[in-house]
Novice: 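Sharing a structure here in structure tokens format.
Just so it is clear, the model here is predicted, and its values are computed rather than measured. For this chain, numbers begin at 1 and follow the sequence in order.
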Amino acid sequence: KTRTLESVSRAADLYRAALQTNPEDSELQLKTADAINAIMRIKTNANTILIDGSLDTPENKAFWAKHGDEAFALAKSAFQKLPISAQTLAVYTDSFMFLTSSKGILS
């Protein structure tokens, strides 16, 4: 299945709305975090290490801070309640990577 910015943004909005009704639903938290991670991945080229240049721009760091914080809080909550699986770990570590990337590269 192909994820587009439009499809993952729509999914994130739907999951966020569903969380308003069921804020402690760990599966829903994980799906929401995954959709937010996908938004960050698509909009910032997955924070890939580049040979020339850096994705560590002020705009990307602000974007990662805003969305990474939300994704990590949801993923952490889900991670603490769900059985450990490859998907749970991937969503958790992905959100952690984006959140910490918002702090910038050490010089």
Novice: Could you tell me which non-hydrogen atom of Leu99 sits nearest to which non-hydrogen atom of Ala65, and how far apart they are?
Specialist: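 In terms of heavy atoms, the two residues are closest at CD1-O, 4.5 Å.
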Novice: Is it the case that the side chain of Gln29 and the backbone of Pro23 share a donor-acceptor pair, with hydrogens and angles ignored and the cut-off at 3.5 Å?
Specialist: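 Yes, because the side chain of Gln29 sits within donor-acceptor range (under 3.5 Å) of the backbone of Pro23.
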Novice: Answer yes when Arg10 and Glu6 have at least one side-chain N-carboxylate O distance shorter than 4.0 Å, and no when they do not.
Specialist: yes
Novice: Does Phe79 belong to the same Ile/Leu/Val/Met/Phe/Trp/Tyr cluster as Tyr15, with side-chain heavy atoms less than 4.5 Å apart forming each link?
Specialist: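 In one cluster with Phe79: Tyr15, no.
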Novice: How about Gln80: does its CD atom have over 12 heavy atoms from other parts shown lying under 6.0 Å from it?
Specialist: yes
Novice: Could you tell me which non-hydrogen atom of Asp56 sits nearest to which non-hydrogen atom of Ser101, and how far apart they are?
Specialist: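 Closest approach of Asp56 to Ser101: OD1-O, 4.0 Å.
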Novice: Under a 4.5 Å side-chain heavy-atom rule over Ile, Leu, Val, Met, Phe, Trp and Tyr, are Leu14 and Ile42 clustered together?
Specialist: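 No, because Leu14 and Ile42 fall into different hydrophobic clusters, even though each may have its own neighbours under 4.5 Å.
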Novice: So which atom in Thr32 and which in Ala12 form the shortest heavy-atom distance, rounded to 0.1 Å?
Specialist: CG2-O, 4.5 Å
Novice: So does Leu28 get a backbone contact from the side chain of Asp25, meaning a donor-acceptor N/O pair under 3.5 Å?
Specialist: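 Answer holds: yes.
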Novice: Counting C-beta onward and ignoring hydrogens, is there a side-chain heavy-atom pair between Phe98 and Ile36 closer than 4.5 Å?
Specialist: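 Answer no - side chains too far apart.
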Novice: Can you confirm whether more than 12 heavy atoms, excluding those of Lys66, are under 6.0 Å from its NZ atom?
Specialist: no
Novice: For the side chain of Ser7 and the backbone of Arg3, is there at least one donor-acceptor N/O pair under 3.5 Å apart?
Specialist: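 Not a single qualifying donor-acceptor pair exists.
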Novice: Taking all heavy atoms of Lys103 and all of Lys61, pick out the closest pair and write down the distance.
Specialist: C-CD, 4.3 Å
Novice: Which heavy-atom pair separates Ser95 from Ala75 by the least distance, and what is that distance?
Specialist: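 Where Ser95 meets Ala75 most closely, the heavy atoms are OG-CB, 3.5 Å.
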Novice: Distance-only, no hydrogens or angles: does the Thr88 side chain make a donor-acceptor pair with backbone N or O of Ile84 under 3.5 Å?
Specialist: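 No; zero donor-acceptor contacts below 3.5 Å.
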Novice: Kindly check if the number of other-residue, nucleotide or ligand heavy atoms within 6.0 Å of NZ (Lys43) is above 12?
Specialist: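 Open: at most 12 neighbouring heavy atoms sit under 6.0 Å from NZ of Lys43.
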Novice: So do the side chains of Met40 and Asp94 get within less than 4.5 Å of each other, counting heavy atoms only?
Specialist: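 No - every pair of side-chain heavy atoms lies 4.5 Å or more apart.
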Novice: Kindly assign one of parallel, tilted or perpendicular to the pair Phe63 and His67, based on the angle between their ring planes and the thresholds 30° and 60°.
Specialist: tilted
Novice: Can Leu55 and Asn60 be said to form a side chain to side chain contact (heavy atoms under 4.5 Å, CB included), step by step?
Specialist: CA-CA 7 Å; Leu55 293 172; Asn60 281 350; 3.9 Å; yes
Novice: How about Leu30 and Val91: do any of their side-chain heavy atoms sit closer than 4.5 Å?
Specialist: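 SC-SC contact between Leu30 and Val91 confirmed.
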Novice: Mind telling me whether Phe72 and Tyr92 have parallel, tilted or perpendicular rings, with 30° and 60° as the class edges?
Specialist: tilted
Novice: Would you give the length of the straight line joining atom OG1 of Thr44 to atom CD1 of Ile39, rounded to the nearest 0.5 angstrom?
Specialist: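 If we round to the nearest 0.5 Å, Thr44:OG1 and Ile39:CD1 are 11.0 Å apart.
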Novice: Determine yes or no for a side-chain-to-main-chain donor-acceptor pair under 3.5 angstrom, with Ser77 supplying the side chain and Leu74 the backbone.
Specialist: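 Not at all, since once roles are kept as given, no pair shorter than 3.5 Å links the two residues.
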Novice: Any donor-acceptor pair under 3.5 Å linking the side chain of Lys31 with the backbone of Ala11?
Specialist: no
Novice: Mind checking what makes salt bridge (Lys or Arg N to Asp or Glu O under 4.0 Å) contact with Lys76, not counting sequence neighbours?
Specialist: none
